[in-house]
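Excluded from the calculations below are hydrogen atoms, water molecules and symmetry mates; all remaining heavy atoms, backbone and side chain alike, are included. Counting convention: from 1, in listed order, for ligands and their atoms alike. Since this is a predicted model, take the numbers as computed values, not measurements. Counting from 1, the numbers follow the sequence of the chain as shown.
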Amino acid sequence: MKATVLYESVTGNTRDAGNLIAAELRASGVDAKACAIDRADLQWLSDSDLVVVGTWVDGLFFFGQRPGRPWKVAKLPVIDGKKTAVYCTYATDPGKVLDKLQAIVERRGGDVVGGAAIKRSDLVGGASEFVDRLMGAGDVQTLVSR
Ligand SMILES: Cc1cc2nc3c(=O)[nH]c(=O)nc-3n(C[C@H](O)[C@H](O)[C@H](O)COP(=O)(O)O)c2cc1C
């Protein structure tokens with residue numbers, strides 16, 4: 001099973017979380033690669049059974065939260081029908097960013113099977129918990145056992 005983790009990051013948290021998620025996926029036997037969303041390895045992406053898309057939370061900290069730089073996510077290559085998971089990194093309150101990110105990813109054809117809001121103060125724990133949950137999800141288990 002192959003996976004691509006694509007992230008949009010300004011100060012590095014979402015990138016670091018993406019790299020941690022890819023490492024956790026590899027530890028679970030998935031051939032995973034992480035890269036910036038506007039530098040996707042298109043061949044790897046096309047061969048991927050699972051796509052993970054992450055961004056940061058942009059807002060006024062307790063309201064008005066939206067995915068950071070949504071236009072970059074909206075330019076994601078078409079991923080028609082691929083199993084997809086979304087994540088965001090945040091400081092205090094992610095609001096409804098995961099739902100908003102899911103809607104953008106679905107417009108690119110992704111079939112969203114899970115998501116996680118990862119607090120920037122615990123990227124390691126958040127990434128590990130997210131991948132554990134993802135690998136336990138029925139949709140992903142079916143891919144692994146194929
Ligand atoms: C302009 C700006 C607005 C932000 N707004 C929020 C917010 O509304 N809620 C929140 O929890 N974190 C907010 N944050 C914190 C970031 O989402 C958090 O630091 C994130 O991990 C940054 O990801 P990055 O390092 O990949 O760029 C904001 C950060 C910036 C720079």
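Contact residues of ligand 1 (protein heavy atom closer than 4.0 angstrom to a ligand atom; sorted by chain and number): Ser9, Val10, Thr11, Gly12, Asn13, Thr14, Trp56, Val57, Asp58, Gly59, Leu60, Phe61, Gln65, Thr89, Tyr90, Ala91, Thr92, Asp93, Arg120.
Residues Asp41 and Lys33 are paired through a salt bridge, judged by an N-O separation under 4.0 Å between the basic side chain and the carboxylate. Asp111 and Lys83 are joined by a salt bridge, as a carboxylate oxygen and a charged side-chain nitrogen come within less than 4.0 angstrom of each other. Salt-bridge check for Lys2 with Asp49: failed, with every basic side-chain N at 4.0 Å or more from each acidic carboxylate O.
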Step-by-step side-chain contact (heavy atoms from CB on, under 4.5 Å) determination, Ile21 to Tyr87
CA-CA 10 Å; Ile21 290 165; Tyr87 73 95; 3.7 Å; yes
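Taking the side chain to side chain donor-acceptor pair (under 3.5 Å) definition, one finds that Asp47 meets it with Gln43, sequence neighbours left out.
Arg133 contributes a side-chain N or O that, together with a main-chain N or O of Gly115, makes up a donor-acceptor pair within less than 3.5 Å.
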